[in-house]
Amino acid sequence: MAATGLVAFSFAAQAQMQPCAPVVPANNFLGIRTIRLWPGDAPQATGKACEDTPTLTIFDPPSWSENGSAVVILPGGGYENLAAIHEGREVADWFTSLGFRAFVLSYRLSSHGYLLPVPLLDARRAIQTVRARSADYHIDPNRIVAIGFSAGGHLAALAATQPVPGKPDADDPIDRASSRPDYLVLGYPWIGAISSDTSHLSYCKSFNVMDRCEALRLAYSPDLFVTKDTPPTFLFHTFNDETVPVEQGMRFYEALLKAGVPSEMHIFANGHHGVGLGGTDPALEQWPVLLENWLQAQGLLATKPVTAKP
C-alpha cells in the first residue's frame with residue numbers, strides 16, 4: 001500500500017475510535033473496546049445520536065489461545081432493540097474462549113426509523129471493517145464467521161447472500177474489502193421476517209409498511225438469494241418456537257441444499273424463542289457443543305499464522 005494510503009487508513013482508524021452505545025463499557029485491560037463503523041456520519045443517518053451511529057464492540061481472546069479466526073455477532077431484537085447480552089456479550093465470551101476475536105455489531109434499528117436496507121449497510125460495513133483491518137486484529141481475512149440470532153439471523157443471512165465485492169480503487173480502505181463472511185451461523189433465524197402474513201411476527205406489520213411488503217419481501221428475503229457461493233452454514237432452531245416458526249429456518253436450509261452449499265441444521269424439540277446459548281433444556285444446551293464441532297471441522301479452531309491478504 002502506498003504511503004498516502006497508509007496515512008488515509010491511519011486517519012480513518014483513529015477517527016473510528018469514538019465509541020457510542022457500546023455493548024459493555026470499554027475496558028482495555030480486559031480487551032474490550034468499541035469503534036464506530038464510519039469515521040463521520042453513517043450513510044443515510046438522520047441524526048448524530050447513538051441510535052444513529054452503528055458500532056462494533058471488540059472482544060479480544062486470551063493471547064495464549066488466539067487462533068486467527070474472527071466472528072461478527074449480530075444480536076436479535078426484532079429490529080426494535082438489541083438483545084446485546086444473551087445474543088451479544090455472552091456469545092462473544094463463548095467465541096473468545098475458543099480463540100476467536102469477537103465483534104458485536106450494534107446496527108441501526110427500524111424502530112428508530114432505519115428501515116431495510118439500512119441495517120444491511122451496517123452489517124456489510126462491519127464485515128468489511130474486520131477484513132480490511134485484519135492485520136491490526138491479528139486475524140486471517142479468510143476466516144471470518146458471521147453469526148446472528150432471530151432478527152440478527154435474518155440480517156446475517158442477508159449479509160451472506162447479498163454481499164458487496166469491494167471496490168479496489170475506493171478511497172476508503174474499508175470499502176476495498178469484500179463484505180462476504182466466510183462462514184455463517186444462524187440461531188432461530190427470522191428468515192420470513194418480510195411477510196404480509198400476520199399470524200406470526202411480521203416486519204411489515206411491526207413497522208407499518210404493509211403497503212410495500214411484497215416489494216420488500218422480494219428484495220430482503222435471504223432464502224431467495226442463496227447461490228452456490230453462499231458461505232457454508234450452521235443452523236439451529238426449536239420445534240416449538242412460537243415467535244419464528246421452525247419452517248422459516250428450514251426454508252433457508254432447503255435453499256442451501258438446492259444450491260449445493262455445505263450446511264448443517266439441528267432442530268430441537270423444546271426451547272422458546274430467544275434461548276441464546278441454551279437454557280434449561282439439557283438437549284438444547286448441547287447446541288454450542290455441536291457448533292464447536294462444526295467450527296473444528298471447518299479448521300477454524302486450529303491456530304494459523306496470519307499471512308493472507310484481505
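Heavy atoms only: backbone and side chains are in, while hydrogens, waters and symmetry mates are out.
For Asp229, the side-chain contact (heavy atoms from CB on, under 4.5 Å) criterion is met by Thr227, not counting sequence neighbours. In this view, Arg108 and Asp122 satisfy the salt bridge (charged side-chain N to carboxylate O under 4.0 Å, His left out) rule, not counting sequence neighbours. Under the rule for a ring-ring contact (aromatic ring centres under 6.0 Å, His included), Tyr220 has no partner lying at least two apart in sequence or in another chain. By the side-chain contact (heavy atoms from CB on, under 4.5 Å) test, Asn81 pairs with no residue at all, sequence neighbours left out. When the ring-ring contact (aromatic ring centres under 6.0 Å, His included) test is applied to Tyr188, the partners found at least two apart in sequence or on another chain are Phe149, Phe236, His273.
Proximity of a side-chain donor or acceptor of Ser206 to a complementary backbone N or O of Ser202 within less than 3.5 Å is detected. Checking side-chain atoms of Thr233 against main-chain N and O of Pro231 turns up a donor-acceptor pair under 3.5 Å. With hydrogens and angles ignored, the 3.5 Å screen pairs no side-chain donor or acceptor of Thr96 with any backbone N or O of Pro61. In this structure a side-chain-to-backbone donor-acceptor pair under 3.5 Å is present from Ser263 to Val261.
For the pair Glu51/Leu109, no side-chain contact is recorded, criterion being any heavy-atom separation below 4.5 Å from C-beta on. Between Leu184 and Val145, the closest side-chain pair of non-hydrogen atoms is not below 4.5 Å. Between Ser110 and Glu80 the shortest side-chain heavy-atom distance does not fall below 4.5 Å. Within the 4.5 Å cutoff, side-chain heavy atoms of Val130 are placed close to those of Leu56. Side-chain atoms of Phe234 and Leu186, non-hydrogen and from C-beta on, never get closer than 4.5 Å to each other. Side-chain contact check for Asp41 versus Lys48: some heavy-atom pair is nearer than 4.5 Å. Taking 4.5 Å as the limit, every side-chain heavy atom of Thr55 sits out of range of all side-chain heavy atoms of Leu37. A 4.5 Å side-chain heavy-atom check between Ser111 and Phe207 finds at least one atom pair inside the cut-off.
To the nearest 0.5 angstrom, Glu66 atom CD is 13.5 Å from Leu98 atom CG. Atom CG of Asn240 sits about 9.0 Å away from atom CG of Asp281, to the nearest 0.5 Å. In this structure, the separation between SG on Cys204 and CG on Leu115 is 10.0 Å, given to the nearest 0.5 Å. Atom OG1 of residue Thr129 and atom CZ of residue Arg124 lie 13.5 Å apart, to the nearest 0.5 angstrom. The distance from atom CD1 of Ile85 to atom CD of Glu90, rounded to the nearest 0.5 Å, is 7.0 Å.
For Arg101 and Asp136, the salt-bridge test fails: no basic side-chain N is under 4.0 Å from an acidic carboxylate O. Look at Asp172 and Arg125 and you find a salt bridge, because one of the NZ, NE, NH1 or NH2 atoms lies within 4.0 Å of a carboxylate O, short of that distance.
When all heavy atoms of Ile73 and Ala102 are compared, the pair lying nearest together is CD1-CB, 4.2 Å. In plain terms, the two heavy atoms of Thr238 and Asn270 that are nearest each other are CG2-O, 3.6 Å. In terms of heavy atoms, Pro75 sits closest to Gly88 at CG-CA, 4.2 Å.
Taking Ile, Leu, Val, Met, Phe, Trp and Tyr as members and joining any whose side-chain heavy atoms lie under 4.5 Å apart, directly or through other members, the hydrophobic cluster of Val118 also contains Tyr114. Taking a 4.5 Å side-chain heavy-atom cut-off between Ile, Leu, Val, Met, Phe, Trp and Tyr, the cluster of Trp64 contains only that residue.
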Report task. Step by step, work out the side chain to side chain donor-acceptor pair (under 3.5 Å) result for Thr34 and Thr57. Result -> CA-CA 4 Å; Thr34 298; Thr57 298; 2.8 Å; yes
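Clustering ILVMFWY residues whenever any of their side-chain heavy atoms sit less than 4.5 angstrom apart, transitively, puts Tyr107 in a cluster other than the one holding Leu121. Residues Leu74 and Val226 do not share a hydrophobic cluster, defined by chaining ILVMFWY side chains whose heavy atoms lie under 4.5 Å apart. Both Leu301 and Ile147 are members of a single hydrophobic cluster when ILVMFWY side chains are connected at heavy-atom separations under 4.5 Å.
No hydrogens or angles considered: a donor-acceptor pair under 3.5 Å links the side chains of Asp197 and Ser199. With 3.5 Å as the limit, one finds a donor-acceptor pair spanning the side chains of Arg143 and Ser69.
Within the structure, the ring pair (Phe, Tyr, Trp, His ring centres under 6.0 Å) test picks out the following pairs touching residues 152-171 (sequence neighbours left out): Tyr79-His154. The ring pair (Phe, Tyr, Trp, His ring centres under 6.0 Å) pairs that include a residue from residues 81-103 are Phe95-Phe100, Phe103-Tyr137, where partners are two or more places apart or lie in different chains.
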Quick one: side chains of residues 242-259, donor-acceptor pairs under 3.5 Å with protein atoms, not counting sequence neighbours, listed by atom name and distance.
{"from": "Gln248", "atom 1": "OE1", "to": "Ile191", "atom 2": "N", "distance (Å)": "3.3"}
{"from": "Gln248", "atom 1": "OE1", "to": "Gly192", "atom 2": "N", "distance (Å)": "2.6"}

Under 3.5 Å, sequence neighbours excluded: what are the donor-acceptor pairs made by side chains of residues 157-169?
{"from": "Thr161", "atom 1": "OG1", "to": "Ala157", "atom 2": "O", "distance (Å)": "2.8"}
{"from": "Thr161", "atom 1": "OG1", "to": "Leu158", "atom 2": "O", "distance (Å)": "3.4"}
{"from": "Gln162", "atom 1": "NE2", "to": "Ala219", "atom 2": "O", "distance (Å)": "2.9"}

Going by atom type alone, with no hydrogens or angles, which donor-acceptor pairs under 3.5 Å involve a side-chain atom of residues 284-295 and a protein atom two or more places apart or on another chain?
{"from": "Trp287", "atom 1": "NE1", "to": "Gly276", "atom 2": "O", "distance (Å)": "3.0"}
{"from": "Trp287", "atom 1": "NE1", "to": "Leu277", "atom 2": "O", "distance (Å)": "3.4"}
{"from": "Asn293", "atom 1": "ND2", "to": "Val289", "atom 2": "O", "distance (Å)": "3.4"}

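Annotation: Asn208, atom CG; neighbour count of heavy atoms from other residues, nucleotides and ligands within 6.0 Å does not exceed 12.
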